[in-house]
Peer 1: 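My questions all concern the structure below.
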Amino acid sequence: SSILSIVDILVSSECVGLDNFSTKWIKEVVLQPCVLLAIVAAYYAYERARSDAETARKHAAGNAFFVLFFCYPTICNTLFASFICTDLFDGHSVLDADDRVLCEDPDHVALQGVSLLLIVFVACGVPVVAAAVMGRAHRSRPVLLRTPTIRQDADAETALERRDPI
């Protein structure tokens, strides 16, 4: 129990004053995706040294998609949270995610500007790019020959039986 308390003191961001919204924003929007993508890049380099480049590239693309799938909701929630404010009785408004942050504060207004830019490029851009990639993959897939159905097979056999023997 005492060891856990020491670890909590050493690791806890609250103890060093790093528990505000902007720190959370940096952690969830910047650091988490970058660290996970760095792990994907390191694994790509490792796999490329062990196998061919095409296999490593395909695995890295799948791993990067997983990182995107994992991080996208957190990134979007954090970006949108920077705009959710509650009005106070004195004319000021505070951020719902961290009531110590005034929404009129110039630093927070700047963070909202960056958040808006990232909402356009990430929250809206990722689904658009994903749709484009899936559309391109759909158009480039090989055309499969139409396989006859049971009904078509039965019709063909009936037609052959009706022919006159040679």
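Given the structure is predicted, the values throughout are model-derived calculations rather than measurements. Note that the numbering runs from 1 along the sequence shown for the chain. Atoms considered below: every heavy atom in the structure, side chains included; atoms not considered: hydrogens, waters and symmetry mates.
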Peer 1: Looking at F121, I'd like to know if its CZ atom is crowded, meaning that more than 12 non-hydrogen atoms belonging to other residues, nucleotides or ligands lie closer than 6.0 Å.
Peer 2: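 No, CZ of F121 has 12 or fewer neighbouring heavy atoms, counting only those of other groups under 6.0 Å.
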Peer 1: To the nearest 0.5 Å, tell me how far W25 CH2 sits from Q112 CD.
Peer 2: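 Rounded to the nearest 0.5 Å, the CH2-CD separation comes to 11.5 Å.
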Peer 1: Distance from L68 atom CG to L37 atom CG, nearest 0.5 Å?
Peer 2: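 One gets 8.5 Å once the value is rounded to the nearest 0.5 Å.
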Peer 1: If I take atom CG from residue L111 and atom CG from residue D105, how far apart are they, to the nearest 0.5 angstrom?
Peer 2: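 That separation rounds to 10.0 Å.
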Peer 1: Would a single hydrophobic cluster contain both V40 and L36, if residues Ile, Leu, Val, Met, Phe, Trp and Tyr are joined by side-chain heavy-atom contacts under 4.5 Å?
Peer 2: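 Shared cluster, yes.
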Peer 1: Determine whether F21 and I26 fall in the same hydrophobic cluster, where Ile, Leu, Val, Met, Phe, Trp and Tyr are linked whenever their side-chain heavy atoms lie under 4.5 Å apart.
Peer 2: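 Yes, F21 connects to I26 through the hydrophobic network.
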Peer 1: With rounding to the nearest 0.5 Å, note down the distance linking OG1 in T74 to NZ in K27.
Peer 2: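 The OG1 atom of T74 sits 11.5 Å away from the NZ atom of K27.
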Peer 1: In terms of relative ring orientation, are F70 and F66 parallel, tilted or perpendicular, with 30° and 60° separating the classes?
Peer 2: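 Geometry flag for F66 against F70: parallel rings.
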Peer 1: Please determine whether residues V114 and V126 belong to a single hydrophobic cluster, defined as Ile, Leu, Val, Met, Phe, Trp and Tyr linked transitively by side-chain heavy-atom distances below 4.5 Å.
Peer 2: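 As far as the 4.5 Å side-chain criterion goes, V126 and V114 are connected within one cluster.
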Peer 1: Return yes if some donor-acceptor pair links the side-chain N/O of H108 with the main-chain N/O of S82 below 3.5 Å, else return no.
Peer 2: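 A pair under 3.5 Å: yes.
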Peer 1: Please check: side-chain N/O of R48 versus main-chain N/O of Y44, any donor-acceptor pairing under 3.5 Å?
Peer 2: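 The answer is no, because no donor-acceptor pair under 3.5 Å joins these two groups.
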Peer 1: With a 3.5 Å cut-off and no angle check, do the side chains of N20 and T23 form a donor-acceptor pair?
Peer 2: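 Present: a donor and an acceptor within the cut-off.
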Peer 1: When hydrophobic residues are tied together by side-chain contacts of less than 4.5 Å, even through go-betweens, does L31 share a cluster with I39?
Peer 2: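 L31 does not cluster with I39.
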Peer 1: Membership question, hydrophobic clusters at under 4.5 Å side-chain separation (ILVMFWY): are F83 and V29 in the same one?
Peer 2: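 In one cluster with V29: F83, yes.
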Peer 1: Tell me, do L95 and I84 make a side-chain contact under 4.5 Å, heavy atoms counted?
Peer 2: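 L95 does not reach I84 side chain to side chain.
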Peer 1: Identify, with sequence neighbours excluded, every residue that meets disulfide (SG to SG under 2.5 Å) alongside C71.
Peer 2: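 Partners of C71 by the disulfide (SG to SG under 2.5 Å) criterion come out as none, since no residue qualifies.
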Peer 1: Does any pair with a residue in residues 86-95 pass side-chain hydrogen bond (donor to acceptor under 3.5 Å, both in side chains), and if so which ones, sequence neighbours excluded?
Peer 2: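 Every side-chain hydrogen bond (donor to acceptor under 3.5 Å, both in side chains) pair that includes a residue of residues 86-95, provided the two are not neighbours, is T86-D96, S93-E104.
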Peer 1: Are I75 and P33 close enough that some pair of their side-chain heavy atoms sits under 4.5 Å apart?
Peer 2: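 Yes. Closest side-chain heavy atoms under 4.5 Å.
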Peer 1: Quick one: list whatever passes side chain to side chain contact (heavy atoms under 4.5 Å, CB included) with V133, sequence neighbours left out.
Peer 2: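 Per chain and number, V133 pairs via side chain to side chain contact (heavy atoms under 4.5 Å, CB included) with V129.
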Peer 1: With L79 as reference, evaluate V120, L117, I119 under the side-chain contact (heavy atoms from CB on, under 4.5 Å) test and give the passing residue.
Peer 2: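 Testing L79 for a side-chain contact (heavy atoms from CB on, under 4.5 Å) against V120, L117, I119 leaves exactly one candidate, I119.
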Peer 1: As a quick check of understanding, evaluate salt bridge (Lys or Arg N to Asp or Glu O under 4.0 Å) for R50 and E47, giving each step before the final call.
Peer 2: CA-CA 5 Å; R50 289 186 44 227; E47 193 170 20; over 6 Å; no
Peer 1: What's the spacing between R141 CZ and R136 CZ if we round to 0.5 Å?
Peer 2: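 Going from CZ on R141 over to CZ on R136, the span is 15.0 Å.
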Peer 1: Over all heavy atoms of both residues, which pair between S51 and A56 is shortest? Give the atoms and the distance, please.
Peer 2: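 Smallest heavy-atom distance, with atoms named: OG-N, 4.5 Å.
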